[in-house]
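Each remark here refers to the structure printed beneath this line.
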Amino acid sequence: MFQENKENGMAIEYYNSLPVAIFQISKQGIINFINSEAQELFAISQTELYQKSFTTLLSETSKESFHSFINTIGLGKNKNSCLVEIIVRQNFTKQVSLFANLSLDGEWIQLVAVETSNENKISYKMEFEDISNVAHVGRWELNLITGSLDWSKKIYEIFELDPNQFQPSYETFLSVIHPEDRDKVNHAYSQSLINKQKYEIEHRLILLDGRIKWVRETCYSLFDSKGNPEISIGTCQDITKQKELEIHLKESEKKYSNLVENTASLVWSTDQNGKFSYLNPAWEKLLGHTKEEMLNRPFSDFQPADIAIREQKVFETFKSGRESSKNNYESVFLSKEGEIKYLNFYPTPLYNESGDFIGVQGTANDITFKRTLDLKLEETYFELGQRQFAIDQHAIVAITDLNADIIYVNKKFCEISKYTRDELIGENHRIINSGYHPPEFFKNLYNTIKSGNTWHGEIKNRAKDGSFYWVATTIAPIKNARGEIEKYLSIRTDITEIKEADEKIKSLLNEKALILVEVHHRIKNNMNTIYSLLKMEANSQKEILHKTILLDASNRVRSMMLLYDKLYRSENTDIISIKDYFPTLITEILNIFPHQGNITTDVQVEPVAISTKILSSIGIIVNELVTNSMKYSFSEGQSGKITFHAKIQNQILIINYEDDGIPIDPTILLQSTNSFGLNLINMLVKQLKGIVHIENTNGTKYKIEIKI
């Protein structure tokens, strides 16, 4: 076997790729290696030449000059070239120029053979030009001794330069390279001279009209016996279309990746054992498990036991090849919190080139809402059926003509009105008019149903014996096939007891309101006592920590006192306007601190009433926010500003609170802080099923959202 070149470690494959004939011979002229180009030039194989003298290829007249040439090279002396005549076959010779270098270790001589003249052949450069026209590859040669740069015709075509107007040099070559790639190309070439290795690089050209081209460049260099570079030979191939396609493919891949990563659909794949190998972010959002928690685990780990057994059977059909594809099917997964999620799966089995099963991929849609809705609809249909039965048993039903004359009544109508069916049929509905409602009431009723709409309301009627009864009434027009109103259907429910109960409830509520006012008054007084005791105890403490704790507690009591004071003064003890509550609360909290005169406020609150139960907790939160600002953000009498804005948006109370004092420590987290105040804020917001965000830029900012 031929060995690799020991001069620079380049492999045989590299020499075989070169467009010149190369030999490796000993100082005595024994051939150790011959590349493919040399085999073609000399019409002989490697096996025929291995370990034979190079002179066997030469004519008798050339042997002496060849020996003189390699002896000079073997002594480490340079010699430009040697012109010899080689015997290709009987009675046919070629003239070639030999160029040689001694290897660095002094053991081998590298010969480059270039055909100089032959009637049947053209030079290798001309041959390369023909090949380059087909392969779109240009050739260049840089003489590092003279500095001259030789370009093939294809190079000029690639660079779109006129050979009559452009004189190539290494510097002018760099000027054609895109400015962002020049250092990269120059570095690659410089390193190849240092490392004595071939290099390959892709870079951009910037043409005279500003267009960009991509080229792939390769280069190798020849060195003298001292290791100094003499000639660099390279190729340049236009790869613009390939690069544009590559960039397009990358952009398409990126768009597809973004689509998959951002789609609400669930995208997934498993290996041949059913373990997840890919999951898009939609899975994390749906199930609550992170991608890392799910990858490389069987899908059955995230399903109810009975569903997992069924799904495993489905997977086995894919794995065994008994089923090459499957229509969408419904499956069930469990979230991290144990919630059931219904998914519609669209799987596709995966096979390698050998037809072996390697996994499954596909998409899935979350149909939990639809399934839940279906279940609720089933329950609703059942409930409606039960209600319909109840209506048939207990509803008061009547049908009248367009003049409101009764043409049908059911049994319940007769029972509640105490009229017989014969007494009612043909009579106008005025027969049960109690006189309680004004004429405008019935005028509006008839205008509504005459216009084709349904009327709903409560009516007080009078029975035959003079007693009164209340009915919740729905009157709807009945139309014929032409859309014309023919009659009216009324369905009534006896609500007499409900109306009487309402009257009692109103009376009780009035009594309750009076009691609550008294209760709030007493609670306020009791809290005032507690507040005073805490203040007194705080003032008696010498330890600053103990004193601070008692003062904080007294401030929280004061916040609740204000709420009960508002309740006591309010006509409605269930709700309070936040516009009346928050500004006063903030002012009273600030008055506790001696340096409050240095603080300005911007308080903007919408006039919205909310439940006192919610407001009580929010009052404590506001107390903690203002107290923290005064104690920590504006310590030692520092001046500053507190901003408090509260508004209602989509049934959510949004509180924006901020101060421009010393910012909160960015390492503090609501969930882990040792601060009682911050823990209290976090706990109360969670109890109210709200969220809180903290920022520490230019002071401290809180944004609290609570659904009311």
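With hydrogens and angles left out, the side-chain atoms of Asp602 and Gln604 include a donor and acceptor closer than 3.5 Å. Side chains of Glu311 and Tyr329: a donor on one and an acceptor on the other come within 3.5 Å. In this model, a donor atom of one side chain and an acceptor atom of the other lie less than 3.5 Å apart for Gln303 and Ser331. For the 3.5 Å distance criterion, the side chains of Ser277 and Ser269 qualify, holding a donor opposite an acceptor.
Between the CG atom of Leu684 and the CD1 atom of Ile621 there is a distance of 5.0 Å, given to the nearest 0.5 Å. The CD1 atom of Ile620 lies 12.0 Å from the CG atom of Leu625; values are rounded to the nearest 0.5 Å. To the nearest 0.5 Å, atom NZ of residue Lys707 and atom CD1 of residue Ile614 are 11.0 Å apart. A distance of 8.0 Å separates NE2 in His645 from CD in Glu658, rounded to the nearest 0.5 Å. We find the NE2-CZ distance between His289 and Arg297 to be 7.0 Å, quoted to the nearest 0.5 Å. Taking CD from Glu497 and NZ from Lys504, the interatomic distance works out to 9.5 Å, rounded to the nearest 0.5 Å.
With sequence neighbours excluded, the residues forming a side chain to side chain donor-acceptor pair (under 3.5 Å) with Asp494 are Thr496, listed by chain and number. Listed by chain and number, the residues in a ring-ring contact (aromatic ring centres under 6.0 Å, His included) with Tyr632 amount to none (sequence neighbours excluded). Applying the side chain to side chain donor-acceptor pair (under 3.5 Å) test to Asp366 and every residue at least two apart in sequence or in another chain returns Thr368. Taking the ring-ring contact (aromatic ring centres under 6.0 Å, His included) definition, one finds that Phe299 meets it with Phe315, sequence neighbours left out. Contacts of Phe644 classified as ring-ring contact (aromatic ring centres under 6.0 Å, His included), with partners at least two apart in sequence or in another chain: Phe582.
Ion pair Glu458/Lys499 flagged as a salt bridge, since at least one NZ, NE, NH1 or NH2 atom sits closer than 4.0 Å to an Asp/Glu carboxylate oxygen.
Looking at Ser335, its side chain does come within 3.5 Å of a backbone N or O of Glu339 through a donor-acceptor pair. In terms of modelled atom types and a separation under 3.5 Å, the side chain of Asn696 and the main chain of Thr700 share no donor-acceptor contact. Judged by distance alone, the side chain of Glu606 and the main-chain N or O of Ile648 form a donor-acceptor pair under 3.5 Å.
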Give the table of side-chain donor-acceptor pairs shorter than 3.5 Å for residues 436-449, with sequence neighbours excluded, one pair per line with atom names and distance.
unit_1	atom_1	unit_2	atom_2	d
His437	NE2	Lys460	N	2.8
Asn447	ND2	Lys443	O	3.2
Thr448	OG1	Asn444	O	2.8

Given Asp374 and Lys370, is the salt bridge (charged side-chain N to carboxylate O under 4.0 Å, His left out) satisfied, shown in steps?
CA-CA 6 Å; Asp374 289 343; Lys370 178 180 178 300; 3.2 Å; yes
Side chain to side chain contact (heavy atoms under 4.5 Å, CB included) between Tyr657 and Ile704, worked out
CA-CA 8 Å; Tyr657 177 90; Ile704 301 172; over 6 Å; no
For the pair Ile475 and Thr473, evaluate side chain to side chain contact (heavy atoms under 4.5 Å, CB included) and give the outcome as yes or no after the intermediate values.
CA-CA 6 Å; Ile475 304 176; Thr473 305; 3.6 Å; yes
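Screening Phe333, Tyr278, Phe345 for a ring-ring contact (aromatic ring centres under 6.0 Å, His included) involving Trp268 leaves a single residue, Phe345.
Looking at Leu590 and Val626, their side chains come closer than 4.5 Å, going by heavy atoms from C-beta outward. By the 4.5 Å heavy-atom criterion applied to side chains, Glu330 and Leu343 are not counted as neighbours.
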